[in-house]
Amino acid sequence: MGCFTFVKLMMVLFNLLIFLGGLTLLAMGIWVTVDGGSFLSLLGPFSQQGMQFINVGFFCIAIGAVLVLLGLLGCCGAHKESKCLLLMFFCIILIIFIAEVAAGVVALAYTSFAEGILRAWVTPALQNNYGSDPVVTKMWNTTMTELKCCGFTNYTDFVGSKFEKENGGSLPPICCWTNSTPCSPEEAERSATKGCFEDILETLIEHANIVGGIAAGIGVLEIAAMTVSMYLYCHLDNRVS
């Protein structure tokens, strides 16, 4: 078996695994999105906690579709020795790789920028959905209880919120040092309970090695995939001649 044939075979097998993984993820995402009740029934006593995973269905569909497309392009491009499909495969992997590098640079070098993006997303959720949306409420109650913090910045994230209006001007109990209701904005200010952002950021930094290792592994696989696809692309002319 020649080098070209071996690389071609590895390319087909590797992308076949990507295709099957993407197909599985796509099918699961569609199932969770379309028939969430049936999916949750499998969780039995954990079905109430599993409600928050229903919203992940769309994310699974998107990721699964991308993986299916990549696997299809890689398999067909290598098997049929199509320069067009191999080039498309290379370009898509390159775009994903550049996006990941850019996201990593932003996360590492522009913490304040990332904080602004998070605040723009989190603050409206606390103002409008906390207390009414069970997923948002449970997520933030767990976060604030575990980290012993209040809101994203501090208690002011709940001032003027839907939760405050529906509870006669009272904020979540965790925002006051007494940890009981009613918790007025004045009492919350005196309690000086810190916001959750610093603790969340610290937790992320503590797990940065794991995240970095996973990201590095994915990056190596992407570079290998681009290298192999370009090798096949460049050697197809020699095969024809």
Side-chain angles (χ1 to χ4, degrees), residues 7-104 106-107 114 117-118 121-122 125 129 133-136 138-139 142 204 207 210-233:
V7 172
K8 174 183 171 182
L9 180 61
M10 290 298 101
M11 180 77 169
V12 171
L13 292 177
F14 177 72
N15 282 281
L16 183 61
L17 291 176
I18 291 178
F19 176 80
L20 292 175
L23 207 60
T24 303
L25 201 59
L26 184 63
M28 185 174 293
I30 293 174
W31 178 26
V32 172
T33 303
V34 175
D35 191 15
S38 175
F39 175 77
L40 289 178
S41 66
L42 296 178
L43 299 178
F46 301 102
S47 59
Q48 293 299 319
Q49 290 85 345
M51 277 300 296
Q52 56 188 304
F53 295 108
I54 297 299
N55 296 325
V56 181
F58 294 107
F59 179 74
C60 290
I61 290 173
I63 299 299
V66 172
L67 291 177
V68 166
L69 176 61
L70 284 175
L72 205 57
L73 286 174
C75 276
C76 294
H79 180 67
K80 295 182 178 296
E81 300 185 357
S82 169
K83 296 184 72 173
C84 178
L85 293 179
L86 287 172
L87 187 60
M88 286 178 63
F89 176 83
F90 176 86
C91 290
I92 292 175
I93 293 288
L94 181 61
I95 291 171
I96 294 174
F97 181 76
I98 292 173
E100 289 173 349
V101 171
V106 169
I117 294 176
L118 282 173
W121 173 74
V122 171
N129 300 324
D133 187 322
V135 174
V136 173
K138 182 176 180 179
M139 180 180 71
T142 302
L204 291 176
H207 294 83
I210 299 175
V211 175
I214 294 173
I218 293 174
V220 169
L221 286 177
E222 289 171 342
I223 292 173
M226 288 189 289
T227 302
V228 170
S229 63
M230 191 50 61
Y231 171 84
L232 294 176
Y233 178 87

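Heavy-atom basis, side chains included; hydrogens, waters and symmetry copies ignored.
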Which value, rounded to the nearest 0.5 Å, describes the distance between [X] atom [atom1] and [Y] atom [atom2]?
{"X": "Cys75", "Y": "Lys80", "atom1": "SG", "atom2": "NZ", "result": "11.5 Å"}
{"X": "Met230", "Y": "Leu86", "atom1": "CE", "atom2": "CG", "result": "8.5 Å"}
{"X": "Ile93", "Y": "Ile98", "atom1": "CD1", "atom2": "CD1", "result": "12.0 Å"}
{"X": "Ser229", "Y": "Met226", "atom1": "OG", "atom2": "CE", "result": "8.0 Å"}
{"X": "Phe89", "Y": "Cys76", "atom1": "CZ", "atom2": "SG", "result": "11.5 Å"}
{"X": "Glu100", "Y": "Ile218", "atom1": "CD", "atom2": "CD1", "result": "6.0 Å"}

Residues 11-30, side-chain donor-acceptor partners within the protein, below 3.5 Å, at least two apart:
unit_1: Asn15; atom_1: ND2; unit_2: Met11; atom_2: O; d: 2.8
unit_1: Thr24; atom_1: OG1; unit_2: Leu20; atom_2: O; d: 2.9

Open item on the list: Could you tell me if the side chain of Met10 sits less than 4.5 Å from the side chain of Val228, heavy atoms only?
Closed with: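 No. Closest side-chain heavy atoms not under 4.5 Å.
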- [ ] Report the residues that fulfil ring-ring contact (aromatic ring centres under 6.0 Å, His included) with Tyr231, sequence neighbours left out, ordered by chain and then residue number.
- [x]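 His235.
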N/O donor to acceptor pairs below 3.5 angstrom from side-chain atoms of residues 63-73, sequence neighbours left out:
none

TODO: Search all heavy atoms of Lys8 against all heavy atoms of Glu81 and return the closest pair with its distance.
DONE: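 Reported closest heavy-atom pair: NZ-OE2, 3.2 Å.
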Task: Shortest non-hydrogen contact from Phe97 toward Glu222 - done: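 For Phe97 and Glu222, the tightest heavy-atom pair comes out as CD1-OE1, 3.2 Å.
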